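Below: the structure, in structure tokens.
Because the structure is a prediction, the values reported are computed rather than measured. Values below: every heavy atom of this structure, side chains too, minus hydrogens, waters and symmetry copies.
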Amino acid sequence: MDNGGGGGIMRAAEPGAVHRTPEDVFHDFRARQKGLLKAFTTDVDKFYLMCDPEKENLCLYGLPNGSWEVNLPAEEVPPELPEPALGINFARDGMDDKDWLSLVAAHTDSWLLSVAFYFGARFGFDQDSRKQLFTMINSVPTIFEVVTGTDKRQPKEKTPKTGSKNNKSASKPARQLESNPRSSKVPFPGDTEESDWDGEREQEAQCGACGENYGQDDFWICCDLCEKWFHGKCVKVTPAKAEHIKQYKCPNCSSSSKRGRA
């Protein structure tokens, strides 16, 4: 991830005539958000190291190809896209790791919104189109919610109807899944309780790494510390490997533990 100038990459990401509808802009939003979520979860160690306070003012960019980068701000004024928060690296060592990540996450969410509505302005969205775009954006958790675990749309786990039950912890009866608590057919998503954001749709599980919804054929694993669920592929855990894990820690929790002991 080159630190030679984020502005050039932002110019290459200029959607031009491609993103003309709210759906197109939302697709761009989700791709950038997916990349940024990696920085705060699966790539958090790399992200932490790249934000060295000894370096110049740095920004965190989410790219439309689903990746992220820490880079210098664009040189041109005004830039072709709204700029992320400047100097995120300066506060890193003066704050608790989780507080710093939460602060950067909040600014990152604001940047994602500004980019989306910048495109809306460029493409002449009317009131209905802007409302449609905001509704789609508001239907998914923010990066801040994922990082802090305050997402109100977190799934409610339920016990499967078939298979032997194994209560891993007496304090967590809801996690009575099959013989292994991390079965590849985890039944927790799609509970019958109503979601907070519209009061009608069923809650859907969100992967703590990529933010995508649960799929019936996906293997998922739950962190025993923050209790967030992840696609096995996102955290590089296979069903076979999960069978031998007594206590699973997601990349974010593992990194926090390591830095806490350092």
So, taking the atom named [atom1] in [X] and the one named [atom2] in [Y], what distance separates them when rounded to the nearest 0.5 Å?
X: K241; Y: T238; atom1: NZ; atom2: OG1; result: 7.0 Å
X: R20; Y: E23; atom1: CZ; atom2: CD; result: 14.5 Å
X: E212; Y: C234; atom1: CD; atom2: SG; result: 8.5 Å
X: D99; Y: R92; atom1: CG; atom2: CZ; result: 15.0 Å
X: Q127; Y: Q132; atom1: CD; atom2: CD; result: 13.0 Å

If I compare all heavy atoms of [X] with all of [Y], which pair ends up nearest, and what's the gap?
X: N89; Y: L58; result: OD1-N, 3.1 Å
X: S102; Y: F144; result: O-CD1, 3.4 Å
X: C210; Y: H231; result: SG-ND1, 3.4 Å
X: K246; Y: D224; result: O-OD2, 4.3 Å
X: F90; Y: K55; result: CE2-O, 3.3 Å
X: C223; Y: F230; result: CB-CE1, 4.1 Å

Considering only heavy atoms from C-beta outward, does the side chain of [X] approach that of [Y] to under 4.5 Å?
X: N57; Y: L72; value: no
X: P73; Y: P79; value: no
X: W100; Y: C51; value: yes
X: I88; Y: F47; value: yes
X: T41; Y: P251; value: no
X: V25; Y: M136; value: no
X: V147; Y: L37; value: no
X: F40; Y: V104; value: yes

Check: CZ of F134: more than 12 outside heavy atoms within 6.0 angstrom?
Finding: no
Item checked: More than 12 heavy atoms from other groups under 6.0 Å of CD on E56 -> no
Check: So M50 and E69, side chain to side chain contact (heavy atoms under 4.5 Å, CB included) or not? Walk me through it.
Finding: CA-CA 9 Å; M50 292 184 73; E69 71 167 3; over 6 Å; no
Next item on the list: Using distance alone, with no hydrogens and no angle criterion, decide if T135 and N138 have a side-chain donor and acceptor under 3.5 Å apart.
Entry: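 On atom types as modelled, these side chains do not qualify, holding no pair under 3.5 Å.
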Item checked: Aromatic plane relationship, F29 with F26 - under 30° parallel, 30 to 60° tilted, over 60° perpendicular -> parallel
Notebook entry, point to check: How are the rings of W229 and W220 set relative to one another: parallel (under 30°), tilted (30 to 60°) or perpendicular (over 60°)?
Noted result: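 Correct class here is tilted.
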Margin query: Checking P84 now: which residues fulfil side-chain contact (heavy atoms from CB on, under 4.5 Å) with it, not counting sequence neighbours?
Written below: C59, Y61, W111
Item checked: Those residues that, when tested against L103, pass side-chain contact (heavy atoms from CB on, under 4.5 Å) (two or more places apart) -> M95, H107
Does [Y] offer a backbone N or O that forms a donor-acceptor pair with the side chain of [X] under 3.5 Å?
X: D43; Y: K46; answer: no
X: R30; Y: G211; answer: yes
X: Y118; Y: L113; answer: no
X: K38; Y: G66; answer: yes
X: D109; Y: T142; answer: no

Check: Does R130 make a cation-pi contact with F117 (under 6.0 Å, within 45 degrees of the axis)?
Finding: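 Negative - R130 is either too far from the ring of F117 or too far off its axis.
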Next item on the list: Verify side chain to side chain contact (heavy atoms under 4.5 Å, CB included) between W68 and L60, making sure each step is shown before the conclusion.
Entry: CA-CA 7 Å; W68 63 274; L60 173 62; 3.8 Å; yes
Notebook entry, point to check: Between Q33 and V140, does a side chain to side chain contact (heavy atoms under 4.5 Å, CB included) hold up when you go through it step by step?
Noted result: CA-CA 10 Å; Q33 186 185 54; V140 297; 4.1 Å; yes
Next item on the list: Carefully, step by step, assess T21 and F123 under the rule side chain to side chain contact (heavy atoms under 4.5 Å, CB included).
Entry: CA-CA 8 Å; T21 69; F123 306 137; over 6 Å; no
